[in-house]
Every structure is written in structure tokens, then in C-alpha cells.
Amino acid sequence: MLFRSIDALQASLQVGGMVALAATILGLFGAKAVTRYRMPGQNAVTGLIMLPLFIPEIILGIALLILLNALNIELGLRSVVVGHIMLCTPFAMAVLSSRLDGFDKSLEEASMDLGETPWMTFWRVTFPLAAPGIVSSILLTFIVSFDEFLLSFFLTNQQPTLPVYIWSQLRFPNKLPSVLAMGALILVASCVLVVIAEWVRQLGTSERHVGVA
């Protein structure tokens with residue numbers, strides 16, 4: 001059991017890391033588009049991005065499974081990553097939108113007026129100010145991906161993630177104590193990371209509120 005649980009843990013860590021980075025990048029660009037620009041159909045596009053939060057995960061998992069089978073895409077950790085990115089991107093976008101919407105937009109305008117390109121303005125002005133939100137988004141999306149069971153269950157093959165592995169061991173009574181211990185450790189670690197993510201997200205917000213006041 002030890003070696004299989006370690007393999008499942010490594011699989012969850014790999015999937016969570018890739019999903020956290022990809023979802024945060026997509027969420028950052030989506031949040032910047034929503035908070036900085038006004039486009040036709042913007043509300044509809046935003047609603048479409050947020051739709052996975054409101055669809056029952058079992059329906060989402062079955063739909064993705066049917067789609068991947070129709071496209072002849074082999075199930076595995078890569079398919080799990082795709083499904084988790086779809087689920088985690090709305091979380092990242094929500095966190096980053098609140099962060100980008102909270103600082104003075106005139107700072108970006110001043111950078112542009114001083115001759116910086118939009119790309120350099122993003123790296124020198126927007127990115128440093130949004131950094132706490134980015135770190136918070138990475139932590140939050142990693143937790144969501146690491147703890148996700150239903151999508152992983154539908155989209156994985158013979159290499160399960162840790163939640164799927166724990167579920168598979170519940171039918172063995174002699175393994176129940178160790179499974180419950182792993183579940184307790186995951187719960188504690190998730191709670192700690194959520195607290196850290198929220199603390200990081202709020203860094204600098206009090207100073208901005210004081211400055212505005």
C-alpha cells in the first residue's frame with residue numbers, strides 16, 4: 001500500500017502543480033480583460049467561463065469523458081489536467097479579478113503615458129501589484145485540483161490520483177485506519193493552505209484602502 005499511495009500522491013502533486021500554473025495564467029488574462037476592457041458579449045463570455053462552477057461535477061465528468069472518447073484521446077493524467085483546468089480557471093479568475101479591480105488603474109495609464117508598451121506595463125506595473133493575488137490563486141487552484149475526486153475518477157486510467165486511490169481502498173476494512181489518517185492529513189493541509197491563500201490575497205489591500213481614504 002505504501003508504494004501505491006506514494007505513486008498516487010506524486011500523481012496528485014504533478015497534476016495540481018500543472019493545473020495551478022495553467023489555471024492561474026488563464027485566470028490572469030481573463031481577469032485583466034474583464035477589469036480593464038469593455039467588449040461586446042463580455043458578460044456572456046464571463047458567464048461561460050464561470051459555468052463549470054455551477055454544473056454538477058458528475059455531469060461535467062461524464063460530458064468530458066464522452067468528448068475525450070469521441071476525439072480518441074487516451075485517458076490519463078493529461079486528461080485529468082485538462083478537466084481540472086476547466087474547473088479551476090473560474091476560481092483563479094475570481095481571485096485575480098478582485099485583486100486587479102482593487103488597485104488604481106491610473107498607474108497603468110501613467111506607465112503608458114511615459115512610453116512603456118502594454119506588455120512592459122503589464123510586467124512592471126500590473127504584475128507586481130497583482131502578485132499576492134497570483135500566489136493566492138496558485139495555492140487555491142492547487143488545493144481544488146489536489147482534492148478533486150469526481151473529475152479524476154472519470155478521466156483517469158490505471159494511474160489514480162490520491163483521492164481516487166483513497167476511495168478505492170475504502171472497500172478493504174483492514175486498510176480503513178490508514179485511509180482515514182491520510183484523509184485527515186489532506187483535510188488539515190487543505191485548511192492551512194486556504195488560510196495562507198486568503199492571507200496572501202489580502203496583502204497590501206489595507207494600505208490601498210488607507211491611501212484612498
Side-chain angles (χ1 to χ4, degrees), residues 12-55 60 80-148 151 189-213:
S12 287
L13 291 175
Q14 292 173 3
V15 170
M18 290 187 287
V19 169
L21 291 176
T24 298
I25 292 173
L26 294 174
L28 178 60
F29 288 117
K32 183 172 174 59
V34 168
T35 58
R36 294 296 182 269
Y37 306 104
R38 290 293 177 265
M39 300 169 290
Q42 178 174 312
N43 292 334
V45 173
T46 302
L48 182 63
I49 295 174
M50 295 296 177
L51 192 60
L53 295 179
F54 305 99
I55 298 178
L60 185 61
V80 174
V81 169
V82 172
H84 285 196
I85 289 174
M86 182 180 297
L87 180 65
C88 292
T89 298
F91 287 98
M93 187 171 172
V95 171
L96 292 166
S97 294
S98 65
R99 184 73 189 188
L100 292 178
D101 200 38
F103 69 82
D104 193 355
K105 300 178 183 179
S106 63
L107 297 175
E108 294 175 323
E109 297 172 357
S111 176
M112 298 286 288
D113 290 340
L114 292 174
E116 289 287 8
T117 62
W119 184 248
M120 292 306 298
T121 296
F122 173 80
W123 280 112
R124 293 185 176 183
V125 179
T126 307
F127 185 82
L129 291 172
I134 293 173
V135 174
S136 177
S137 172
I138 290 175
L139 292 175
L140 181 61
T141 51
F142 176 83
I143 296 166
V144 173
S145 174
F146 188 88
D147 294 342
E148 176 57 35
L151 290 183
S190 298
C191 291
V192 171
L193 288 178
V194 167
V195 172
I196 294 175
E198 180 61 19
W199 174 74
V200 172
R201 187 187 67 83
Q202 294 183 358
L203 288 178
T205 56
S206 59
E207 289 81 354
R208 290 205 306 268
H209 290 308
V210 172
V212 172

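Below, all heavy atoms of this structure are taken into account, side chains as well, without hydrogens, waters or symmetry copies.
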Per-pair distances, 0.1 Å, donor-acceptor, side chain in residues 23-34, under 3.5 Å, sequence neighbours excluded:
unit_1	atom_1	unit_2	atom_2	d
Thr24	OG1	Ala20	O	2.7
Thr24	OG1	Ser137	OG	3.1

Which residues pass the side-chain contact (heavy atoms from CB on, under 4.5 Å) test with Leu48, not counting sequence neighbours?
Leu51
State, yes or no, whether a side-chain contact exists between Phe146 and Leu13 at a heavy-atom distance under 4.5 Å.
yes
Rounding to 0.5 Å, atoms CG (Leu193) and CG (Leu140) come to a distance of 10.0 Å
Hey, are the side chains of Leu96 and Ile134 touching, using non-hydrogen atoms and a 4.5 Å cut-off?
yes
Going by side-chain contact (heavy atoms from CB on, under 4.5 Å), name the residues that satisfy it together with Ala197, two or more places apart in sequence or in a different chain.
Ser136, Leu139
If you look only at pairs with a residue in residues 83-97, which of them pass as a salt bridge (Lys or Arg N to Asp or Glu O under 4.0 Å), with sequence neighbours excluded?
none
Thr46 side chain near Met93 side chain, heavy-atom distance below 4.5 Å:
yes
Test side-chain hydrogen bond (donor to acceptor under 3.5 Å, both in side chains) applied to Ser190 - qualifying residues, sequence neighbours left out:
Asp147
Side-chain donor-acceptor pairs under 3.5 Å in residues 83-91, sequence neighbours left out?
unit_1	atom_1	unit_2	atom_2	d
His84	ND1	Ser145	OG	2.8
His84	NE2	Ser152	OG	2.9
Thr89	OG1	Ile85	O	2.7

